[in-house]
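Quick note: numbers below take in every heavy atom, side chains included, and nothing from hydrogens, waters or symmetry partners. One is the number of the first residue; the rest follow in order along the sequence.
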Amino acid sequence: MSFWAAAALPADGGAGCPAGAPDTAVMSAHGAAHTAAGTVGHLALCGASLVLALRLGTGPVPGPASPA
C-alpha cells in the first residue's frame, strides 16, 4: 500500500533530474509524503525479508536424496 501511495504522490524534481529541473534544496509537502511513503514501504519489505529468512532458516537443511 505504501508503494502505491508513493506512486500516487509526485516526487520533486531537482539536481538536474529530470532534465531541466531547477536545483532547489526545498522539498514540497507532496515530495516529502512521497519520500515518507517510499521509506515505509522499503522498511516493511526489509522486515518481511528478515522474517522470511529467519522462518526458513530454522528448518532442516535439505541434502541429497537418500537411496530407496
- Item | Other cluster members, Leu50 - Ile/Leu/Val/Met/Phe/Trp/Tyr, side-chain contacts below 4.5 Å | none
- Item | Apart from Met1 itself, residues in the same hydrophobic cluster as defined by side-chain heavy atoms under 4.5 Å |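 The other cluster members (ILVMFWY side chains, heavy atoms under 4.5 Å, direct or chained) are Trp4.
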- What residues, two or more places apart in sequence or in another chain, satisfy side-chain contact (heavy atoms from CB on, under 4.5 Å) together with His30? Pro10, Asp12, Ser28
- side-chain contact (heavy atoms from CB on, under 4.5 Å) involving Ala6 - partner list, sequence neighbours excluded: His34, Ala37
- Query: Taking all atoms of both residues into account, what is the closest heavy-atom pair of Ala33 and Leu9, and its distance?
  - Reply: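 Shortest heavy-atom separation between Ala33 and Leu9 comes out as CB-CD1, 3.4 Å.
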